[in-house]
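Beneath this line is the structure, given in structure tokens, with notes to follow.
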Amino acid sequence: MNPELTLMAVHAHPDDEVLGTGGVFARYAEEGVRTVLVTCTNGEQGDGPGGVKPGESGHDLAEVSRLRLEELRESVTHLAIDHVELLGYPDSGMAGWEANADARVFANVPLEESAGRLAELMERYRPQVVVTYDENGNYGHPDHIQAHRIAVAAAERTGIPRKFYYSAVPRSFLTEMMDHLRGTGVDMGEFEVPEDFGTPDEEITTVVEVSAYFERKIKALKAHASQADTGFTLGLPDEVQRRMLGRETFLRRFSTVPAPDLEDDLFVGLR
Ligand SMILES: [Zn+2]
């Protein structure tokens with residue numbers, strides 16, 4: 001249908017592809033757009049089987065990596081992702097973790113090298129639309145910040161993407177979800193949405209309706225069963241899950257084609 005169109009999302013870990021971009025992957029694949037997922041790390045600083053955390057006994061980096069990449073292979077089948085490119089860097093762990101000091105982890109690899117590899121992938125696939133995280137990696141994780149950096153650098157170096165996006169959750173939506181959760185009786189304790197969490201609503205440019213792909217996103221999430229975050233999302237009341245997963249929101253960083261300030265489709269101006 002659109003054999004000339006390609007969507008590329010640049011993510012940090014196996015599982016990051018689902019929540020913010022699983023719907024656009026599934027939707028655009030169905031419209032005939034070629035879809036490419038770049039996953040930068042092997043996710044070895046994630047949870048091990050049984051919820052064991054890095055540094056705890058029984059957490060084996062190689063085994064966690066193997067398991068998470070296997071989970072990723074299943075997830076992408078549910079989201080109809082055509083091409084998965086693994087950069088294969090070791091996971092840097094959350095800010096402050098021991099792994100941060102390792103020169104081999106993704107966040108410490110010279111940008112020249114990692115961005116160069118991503119630039120080669122952009123040359124190969126020639127995506128008109130590229131999606132990644134904002135400058136803060138959306139929540140401060142060193143690998144998410146680095147994924148942002150290499151995506152920006154590779155886009156600048158190649159000049160290939162016509163439209164470039166940050167996955168972004170509007171702040172009002174987070175507040176609404178918290179209120180909704182409290183209203184449905186979920187015990188949130190004293191938790192409040194931090195001031196700097198999410199993206200100010202007025203900065204959101206793009207809201208894509210993906211509720212038709214809810215079941216597929218859930219299957220993709222379930223594929224990442226080893227991760228505690230996945231369990232948290234899947235444990236939320238059904239209607240909360242539907243609201244969380246039913247639309248995907250973005251901040252358009254740039255577009256070299258005419259596109260309205262507010263759009264409901266990443267490919268507006270390219271069809
Ligand atoms: Zn991640």
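All figures in this text were calculated on a predicted structure; none of them were measured in a lab. Atoms within a ligand are numbered from 1 in the order they appear, just like the ligands themselves.
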From Leu37, Asn42, Val18, Asp15, residue fulfilling side chain to side chain contact (heavy atoms under 4.5 Å, CB included) relative to Leu72: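 The single option meeting the side chain to side chain contact (heavy atoms under 4.5 Å, CB included) with Leu72 is Leu37.
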
Aromatic plane relationship, Tyr89 with Phe106 - under 30° parallel, 30 to 60° tilted, over 60° perpendicular: parallel

Shortest-distance N/O/S atom, His13 versus the Zn ion (ligand 1): ND1

Of all N/O/S atoms in His144, the name of the one nearest the Zn ion (ligand 1): NE2

Arg242 bridged to Glu215 by N-O distance under 4.0 Å: yes

Check ion pair Glu70-Arg73 (N to O, under 4.0 angstrom): no

Metal site the Zn ion (ligand 1): N/O/S of Asp15 inside 2.8 Å: no

